[in-house]
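As structure tokens, the structure follows; a few thoughts come after it.
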Amino acid sequence: MTTFASGTDTLTRDALTVLQPGFTGTTAPDWLLRRLGEGLASVGLFGRNIATPEQVAALTAQLRAERDDVLVAIDEEGGDVTRLEVRTGSSFPGNHALGAVDDVELTREVAAELGRRLAACGVNLNWAPSADVNSNPANPVIGVRSFGADTALVARHTAAYVTGLQSAGVAACTKHFPGHGDTAVDSHHAMPRIDADASVLAERDLAPFRAAIAAGSRAVMSAHILVPALDPDHPATLSRTVLTDLLRGELGYTGLIVTDGMEMQAIAATYGIERGSVLAIAAGADAICVGGGLSDDDTVRRLRDALVAAVRSGELPEARLAEAAERVRELAGWAATAAPAADGTGREDIGLVAARRALRLTAPSPFTPLTEAPFVAAFTPVANIAVGDETPWGVAAEVARLLPGTETGSYTGEDAARAALEAAGERRVVAVVRDEHRHPWMAAALDALLASRPDTVIVEMGVPQAPARGALHIATYGAARVCGRAAAEVIAGE
């Protein structure tokens, strides 16, 4: 194991150990390597850090040259939320597509193959899966990241995902405890509130986390949500009642508790990241995730110093910080020695297989595949921060591959249908939407489009809550690249 730099006292090392920071660039900066020598035990990778699998492997090797048991974490859910394939779209459908198929062995295989690819790059902690029950159709941040709205379905697929991912030697981090599904607010922007009774939460939201714990999930991520039935005063991430009494006590969880990103506005705008980090550790969290938006040495130093000061002032018990740091080291030790399952050679095509199986086709009469290049009109909503706007989505590229000459345009707002019709001319229209039920302008655009062109093919790449319509309606249950390919194959009759 790593020998720590001389002159770094135990308290300071522990304060560094509980941080999971990010950085900029595709190689590790000097400050990060120096902090690893001083006790930092985890590093988070984001889309900005990734160019190719080979580059990521070189980057993680660079980190391990400084600390051989470093935890390298990533937010790789597959589907809409991908970091490893941030510029191309994911080779794996997300949770909602897997839930639509409802084959737990398929979910396990997909997670195992995803885990194999992460492990090959040197990543050993994945901030996934999302175990949220998508009980609120208006949810702006979970949606297709959830296996579905049925608690039992979400629970069995969460367990299968955890098992599959960890069979590849990659630790799962089940999120967002105690459940982010029944919210209409994105915690990246403000503090969501869930007003369900404790009995509803226990039956609906906690069941998937119980399943994840039973499956051996090595980590659990807290949510920045206020749940008055559990704690009327503190969001879950900062609540001893939620993290220690409920997760540790009632649910019997003994692994690592990681916070969601502390720079998210639900915490940063309310408590500040320094105060929030102290409160989170005091409440029972073991690791502070920060780095999606703040990614420099100053952030690491500020949080380290805030934790040290809180111990020295008596606000944060030194034993609690030491316990948190020891849990980080325990997971780092497991990840450094975890071996992939002996049976796994992997199935590189499993993501596409799953995406094809997830498709749901609705047509008023038999659909005749297109033989001429269409016009693909993408009605594009604003992407949430978890998904990001740098990852391509849709079906245009895949349709163009099968039907050369296909053209496309992206539209939004009240004028979307008129602009799309004008651009399409005489060509057949394929309209691509994402969560039509959440965007009145999008529904109005489809109304106008179908009134003029009833032969339009509609591809819904979000949660398919709106009624199916069009000459053919394809629900993909997610916007991953493989979902687009599967839909394009149907459109072109492949």
Side-chain angles (χ1 to χ4, degrees), residues 77-81 90 92-111 114 128-165 172 174-184 186 194 196 200-212 214-215 217 221 223 225 351 353-362 384 386-387 433-438 460-468 473-480 482-483 486-487:
E77 299 177 15
D80 291 31
V81 179
S90 182
F92 302 93
N95 286 2
H96 212 54
L98 296 172
V101 178
D102 195 14
D103 178 343
V104 290
E105 179 57 22
L106 178 67
T107 295
R108 188 199 64 76
E109 284 190 69
V110 166
L114 178 59
S130 167
D132 306 298
V133 178
N134 198 51
S135 53
N136 186 340
N139 196 313
V141 70
I142 301 300
V144 294
R145 301 168 66 199
S146 165
F147 288 111
D150 177 82
T151 294
L153 179 146
V154 174
R156 61 180 172 265
H157 285 277
T158 296
Y161 195 107
V162 167
T163 301
L165 187 65
T174 306
K175 61 189 183 185
H176 306 80
F177 188 81
H180 207 314
D182 190 15
T183 62
D186 183 345
I194 294 178
V200 171
L201 296 169
E203 292 180 16
R204 181 188 67 189
D205 299 281
L206 297 184
F209 291 97
R210 293 181 188 274
S217 184
M221 178 176 283
I225 55 175
V353 169
R356 287 168 174 159
R357 288 183 63 187
L359 294 185
R360 296 295 179 267
L361 312 178
T362 307
N384 70 57
V387 172
V433 296
R434 208 167 177 176
D435 289 349
E436 178 200 340
H437 68 284
R438 291 201 304 111
E460 168 62 86
M461 303 194 82
V463 179
Q465 289 277 333
H473 186 279
I474 305 174
T476 63
Y477 293 86
V482 286
C483 298

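What you are looking at is a predicted structure, and each value in this text was computed from that prediction instead of being measured.
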Scanning both residues in full, the closest heavy-atom pair of Val154 with Ala131 reads CG1-O, 3.4 Å
side-chain contact (heavy atoms from CB on, under 4.5 Å) between Arg434 and Asp80, worked out: CA-CA 11 Å; Arg434 208 167 177 176; Asp80 291 31; 2.9 Å; yes
Shortest non-hydrogen contact from Gly143 to His96? O-ND1, 4.2 Å
Would you call His157 and Val104 a side-chain contact if the rule is heavy atoms closer than 4.5 Å? yes
Heavy-atom closest pair (Asp182 atom, Ser135 atom, distance to 0.1 Å) is CB-OG, 3.3 Å
Before giving the answer on side-chain contact (heavy atoms from CB on, under 4.5 Å), spell out for Glu203 and Val200 the whole-Å C-alpha distance, their side-chain angles and the decisive distance to 0.1 Å. CA-CA 5 Å; Glu203 292 180 16; Val200 171; over 6 Å; no
Stepwise side chain to side chain donor-acceptor pair (under 3.5 Å) check, Asn139 with Thr183: CA-CA 6 Å; Asn139 196 313; Thr183 62; 3.2 Å; yes
Can you label the angle between the Phe209 ring and the Phe177 ring as parallel, tilted or perpendicular, going by 30° and 60°? perpendicular
What closest approach, in Å, do Thr476 and Ala487 show between heavy atoms, and which atom pair accounts for it? CG2-CB, 3.9 Å
Within this structure, what is the OG1-CG distance for the pair Thr158 and Leu98, rounded to the nearest 0.5 Å? 11.0 Å
List the steps, then state whether side-chain contact (heavy atoms from CB on, under 4.5 Å) holds for His437 with Val463. CA-CA 8 Å; His437 68 284; Val463 179; 4.0 Å; yes
Donor-acceptor under 3.5 Å (Asp435 side chain, Arg438 main chain): no
State, to 0.1 Å, how close Ala215 and Ala159 come at their nearest heavy-atom pair, and which atoms those are. CB-O, 3.8 Å
Under 3.5 Å donor-acceptor, Glu436 side chain and Glu460 backbone: no
Flag the pair Thr151 / Pro208 as yes when at least one side-chain heavy-atom distance between them is below 4.5 Å, and no otherwise. yes
Show the numbers, then the answer: is there a side-chain contact (heavy atoms from CB on, under 4.5 Å) between Asn95 and Arg145? CA-CA 5 Å; Asn95 286 2; Arg145 301 168 66 199; 5.7 Å; no
At what distance, to the nearest 0.5 angstrom, does CG of Leu165 lie from OG of Ser217? 9.0 Å
Of all heavy-atom pairs between Met461 and Ala480, which one has the smallest distance, and what is that distance? CE-O, 4.4 Å
Side-chain donor/acceptor of Ser146 to backbone N/O of Asp132, under 3.5 Å: yes
Tabulate below the donor-acceptor pairs under 3.5 Å that side-chain atoms of residues 354-361 make, not counting sequence neighbours, or state none.
residue	atom	partner	partner atom	Å
Arg356	NE	Glu489	OE1	2.9
Arg356	NH2	Glu489	OE2	2.8
Arg357	NH1	Asp103	OD2	3.1
Arg357	NH2	Asp103	OD2	3.3
Arg360	NH1	Arg357	O	3.1
Arg360	NH1	Ala358	O	3.1
Arg360	NH2	Ala100	O	2.7

Using a 4.5 Å cut-off on heavy atoms from C-beta on, say whether the side chain of Met221 contacts that of His180. no
Drop me the distance from Asp150's CG to Asn134's CG, to the nearest 0.5 angstrom. 12.0 Å
